[in-house]
Amino acid sequence: MRIVVCIKQVPDTNEVRIDPVKGTLIREGVPSIMNPDDKNALEEALRLKDEYGATVIVVTMGPPQAEKVLREALAMGADEAYLLTDRLFAGADTWATSLTLARAIQKIGYDLIFAGRQAIDGDTAQVGSEIAEHLNIPQVTYVEKVEIEKDSLRIKRALEDGYEIIRIQKPCLLTCIKELNNPRYMNIYDIFTCYQKEIKILTTQDLELDKEEIGLSGSPTKVRKTFTKEPKGKGEIINLPPVEAAQYAANKLKEKHFI
Ligand SMILES: Cc1cc2nc3c(=O)[nH]c(=O)nc-3n(C[C@H](O)[C@H](O)[C@H](O)COP(=O)(O)OP(=O)(O)OC[C@H]3O[C@@H](n4cnc5c(N)ncnc54)[C@H](O)[C@@H]3O)c2cc1C
């Protein structure tokens, strides 16, 4: 079984702060990490490898420094790593990103594809589903349990107030959530050896993609403006008897459409 895991390098958004004067994001010194849901996706692929035997292949699209998350994945136990990197990929929205990843995965070969539910920077939760659409394979999102049953998979899918049990045939794509598992730490031996392992580079030419299909030119959406939220105003202390204070607070919340 060939399991491809899509992993994205993201800024650790827990560390991003807002400059109180300029109102802009302070990105300097913010570490880049493996997107958390993708770590759960990788762990699940490695668990299936441990239990049933599989080749785990990690794929990322990003700048050359995104290699770091691939090394981390190799140190966790992945077998092969692909970095899709090319200046022409820059500025991709989710459509162009998923098309590029789908083309690479097609070339690499797969039985099962894992992605995270969502990346903590772009936050769209679209890329996994779009990859499945480009490849014309079935998908299950919000996966919190995976069991292998002969030729099919039995999936527990999280819903807002419950869950669904879905049986799905391979090849298929699953998007993973943190409830799925606890990612393992890197293995010491693999930490030492991961820098000797090959990271295969794929560019536009290798993927036989046209310039118009990728990066900014291949993106139906364009970000016109980005800005940080206004800081919240000062709080208000309500100096009224309890019942009146509750009524006053409720009215304020209604005014702002919170309730
Ligand atoms: C309208 C719009 C315009 C944008 N324009 C730009 C731009 O000009 N420049 C720019 O740098 N970014 C841009 N982005 C961000 C870029 O589209 C996203 O970072 C990228 O498409 C992934 O989407 P996401 O972060 O929302 O991932 P999600 O859809 O939330 O990710 C879901 C899962 O897909 C997989 N995945 C996502 N991205 C990758 C990847 N690169 N490699 C491997 N696996 C991946 C991971 O498994 C991840 O957990 C734009 C986004 C939008 C919505």
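These values consider heavy atoms only, across backbone and side chains, with no hydrogens, waters or symmetry-generated copies. Every number for a ligand or one of its atoms is a count from 1 in the order of the listing. If you read the sequence from its start, that first residue is 1, and numbering goes on from there. In this text the structure is predicted, and so the values were computed from the model without any measurement.
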Side-chain donor-acceptor pair present, [X], [Y], cut-off under 3.5 Å:
X    : Y    : value
T141 : R157 : yes
E236 : Y248 : yes
S129 : Q139 : yes
T124 : Q118 : no

Okay, side chain of S219, backbone of D93: is any donor-acceptor separation there less than 3.5 Å?
yes
Could you state the interatomic distance from CG (L99) to CE (M61), rounded to the nearest 0.5 Å?
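Between atom CG of L99 and atom CE of M61 there are 10.0 Å.
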Contacts for ligand 1, heavy atom under 4.0 Å, by chain and number, are C6, I7, K8, N35, D38, V59, T60, M61, G91, A92, D93, T94, T97, L101, A115, G116, R117, Q118, A119, D121, G122, D123, T124, A125, Q126, V127, G128, T221, V223
